[in-house]
Every structure is written in structure tokens, then in C-alpha cells.
Amino acid sequence: MKPLNLILFGPPGAGKSTQAAYLDKLAAIDSISTGQRLRQTVETGSELGQEVAQVMAEGRLVDDTLMNKLLNEWLLGIPSEVGVLLDGYPRTLSQAQSLDQLMQTISRPLDVVIALTLSDEEAIRRLSGRRICRIKGQPDQILHINDQAALDDCRANGGMLIERDDDKPETIKRRLAEYNAKTEPLLQFYGERDLLILIDADGTPDQVSKAIEQALQQRFNGA
Ligand SMILES: Nc1ncnc2c1ncn2[C@@H]1O[C@H](COP(=O)(O)OP(=O)(O)O)[C@@H](O)[C@H]1O
């Protein structure tokens with residue numbers, strides 16, 4: 001498949017990071033996961049990191065001006081011959097407008113927007129039981145506390161189980177509310193330009209990946 005420039009939308013818990021990792025392998029794409037990059041900024045302990053940590057822990061959105069500036073830097077860091085997948089950006093109309101401008105300036109047109117859809121109930125179930133298994137020297141694995149085999153496997157490999165600061169019940173509600181109020185309206189913004197593909201995310205990661213792959217094949221290879 002040709003290098004694509006795409007946006008992956010979806011409410012918290014829809015499985016954006018899991019699908020981004022899958023799409024990374026499918027095509028020549030580098031992904032920018034804003035949540036992940038912001039958490040790295042927090043880990044540096046810098047002044048900016050401390051500010052961001054507070055906003056994230058409350059489930060609010062980081063300020064648009066700052067986000068737009070960071071995104072510009074991150075996007076410019078991606079070689080022009082590979083595509084880009086944006087996971088977690090844009091999240092507001094101001095961010096979408098800023099992205100349009102930047103993509104035009106650097107001649108990197110947006111090819112498609114994939115929106116994962118999931119009910120609030122299922123998102124809450126997933127997020128409140130979500131844990132990260134961290135094993136030294138390996139990429140983080142996401143698992144659910146109901147998955148005993150995955151928990152045992154993580155412990156047996158010397159992994160540490162971590163709950164994200166923003167996966168607390170009150171914060172989850174706030175994040176979903178932010179998504180529904182500020183981000184979901186962007187679907188119309190992209191739908192009007194005929195860039196939007198909706199994918200039901202209420203399935204296993206494999207089922208969702210297959211649905212995405214099929215939709216992309218149909219759109220770009222006419223399969
Ligand atoms: N584009 C963005 N604009 C503003 N805040 C953002 C953006 N991307 C990430 N964040 C911050 O990082 C948090 C975590 O984002 P992310 O890891 O994508 O999780 P999720 O989408 O599951 O809530 C958000 O709740 C928000 O505080």
C-alpha cells in the first residue's frame with residue numbers, strides 16, 4: 001500500500017494505540033501518538049512536563065496553542081518519504097484547522113480519517129480495567145484485569161503492572177465528555193470532505209484490524 005497520511009480517531013478506550021501499532025506494520029507509516037509523547041514529556045520532569053501532568057491527570061485537554069506547536073515539531077521530524085498516522089490529534093476544531101494549514105505548507109495531504117466507534121459503557125469497562133505490563137527492555141503491553149492468563153504471563157516475565165493516572169473513574173468520565181463535546185464534532189468536519197471511514201471498535205483487536213485493512217484496501221486499491 002502507498003504511504004498514507006491518516007488520522008485515527010476514537011474515544012478513549014477504543015484501541016487507537018493498538019491499531020496504530022498494527023497500521024505501522026502494514027504500510028510505510030510513522031505514527032505520532034500525542035498521549036504517548038505527552039507522557040514522555042511528563043517523565044522528563046521539566047516545567048512543561050509538570051504542567052502537562054496536571055492537565056492529563058484531570059482528564060482535560062492540553063491547551064491548543066501548545067498542542068499545535070508540539071505537533072508541528074513532531075510532524076516535521078518525520079521523513080517526507082514515509083506516511084504519518086496521527087493518533088490523538090486533532091482533538092479540537094482549532095487543532096484541525098492548524099493541521100490543515102501545516103499539511104498544506106509541507107505538501108503532505110491528508111488521505112483518510114479512520115474513526116473507531118465505541119459506546120461509552122464499553123469504553124468505561126475497558127479503561128477501568130486497563131493495566132500496562134512493563135517489562136524492562138520491551139515495549140509496554142496493554143491488558144485487562146479480567147484476563148488472568150495475561151496477568152500471570154506478565155508477572156512470570158518479571159513485569160510490573162501499572163495503572164495510568166488518567167484511568168481513574170472520575171477522570172475516565174471527564175475524558176469521554178471531552179471527546180464527545182470537542183472531538184466527535186470533527187467527524188462531520190472530515191465527513192464533509194469525504195475523507196471519513198467509520199469502523200466499529202467493539203470487537204477483538206484482530207477483528208478491528210481486519211476491518212480497517214479491508215476498508216483501506218477498498219478505498220485505495222479498489223479491492
Ligand atoms: N491533541 C491533544 N490535545 C489536547 N490534549 C491532548 C491531545 N492528545 C493527548 N492529550 C492529553 O493526553 C491525554 C491522554 O491522551 P491519550 O493517551 O490519547 O488517551 P485517550 O485518547 O485514551 O484519552 C488526554 O486526556 C489529554 O489530556
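Index from 1, following the sequence. In each ligand, atom 1 is the first atom listed, and ligand 1 is the first ligand listed. Below, all heavy atoms of this structure are taken into account, side chains as well, without hydrogens, waters or symmetry copies.
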Against heavy atoms of D166, which atoms of ligand 1 measure under 4.0 Å?
-> 14 (C)
In ligand 1, the atoms that come under 4.0 Å of a heavy atom of Q95 are 1 (N), 2 (C), 3 (N), 4 (C)
Work out whether the distance between some heavy atom of R39 and some atom of ligand 1 is less than 4.0 Å.
-> yes
Those atoms of ligand 1 less than 4.0 Å from some heavy atom in G88 | 1 (N), 2 (C), 7 (C), 8 (N)
Would you please say whether a donor-acceptor pair under 3.5 Å links the side chains of Q97 and Q101?
-> no
Backbone N or O of R91 within a donor-acceptor pair of the T183 side chain at under 3.5 Å?
-> yes
Kindly list each side-chain donor-acceptor pair under 3.5 angstrom involving residues 188-203, sequence neighbours excluded, with atom names and distances?
from: Q188; atom 1: NE2; to: E192; atom 2: OE2; distance (Å): 3.1
from: R193; atom 1: NH1; to: D100; atom 2: OD1; distance (Å): 3.4
from: R193; atom 1: NH2; to: D100; atom 2: OD1; distance (Å): 3.4
from: R193; atom 1: NH2; to: D100; atom 2: OD2; distance (Å): 2.5
from: D200; atom 1: OD1; to: D202; atom 2: N; distance (Å): 3.0

With heavy atoms under 4.0 Å as the rule, classify the contact between R60 and ligand 1 as side chain, backbone, both or neither.
-> backbone
Examine the proximity of ligand 1 to R164 and report which part, side chain or backbone, both or neither, has a heavy atom under 4.0 Å away.
-> side chain
What residue and atom, counting heavy atoms only, is the protein's closest point to atom 11 (C) of ligand 1, and at what distance?
-> L38 CD1, 3.5 Å
Give yes or no for whether the N/O distance cutoff of 3.5 Å, strictly under, is met between K16 and ligand 1.
-> yes
Residues S31 and D24: side-chain donor-acceptor under 3.5 angstrom = yes
Between V62 and ligand 1, is there a nitrogen or oxygen pair with a distance under 3.5 Å?
-> yes
Can you tell me if Q217 and N221 form a side-chain donor-acceptor pair at under 3.5 Å?
-> yes
Other residues, nucleotides, ligands: >12 heavy atoms within 6.0 Å of E178 CD | yes
Report the nearest protein non-hydrogen atom to atom 13 (C) of ligand 1: residue, atom name, distance rounded to 0.1 Å.
-> M56 CE, 3.6 Å
Return yes or no for this condition: an N or O of T34 is under 3.5 Å from an N or O of ligand 1.
-> yes
protein heavy-atom neighbour closest to atom 24 (C) of ligand 1 works out as R91 NH2, 4.0 Å
Salt bridge (charged side-chain N to carboxylate O under 4.0 Å, His left out) between K173 and E170: does it pass, once the steps are laid out?
-> CA-CA 5 Å; K173 278 193 201 137; E170 275 321 295; 3.7 Å; yes
Looking only at heavy atoms, is any part of T92 under 4.0 Å from ligand 1, and if so is it the side chain, the backbone, or both, or is it neither?
-> neither
Can you tell me if D111 uses its side chain to pair, donor with acceptor, with the backbone of N5 under 3.5 Å?
-> yes
How far is atom 22 (O) of ligand 1 from its nearest protein heavy atom, and which residue and atom is that?
-> R175 NH2, 3.0 Å
Is there a donor-acceptor contact under 3.5 Å from the side chain of Q95 to the main chain of N68?
-> no
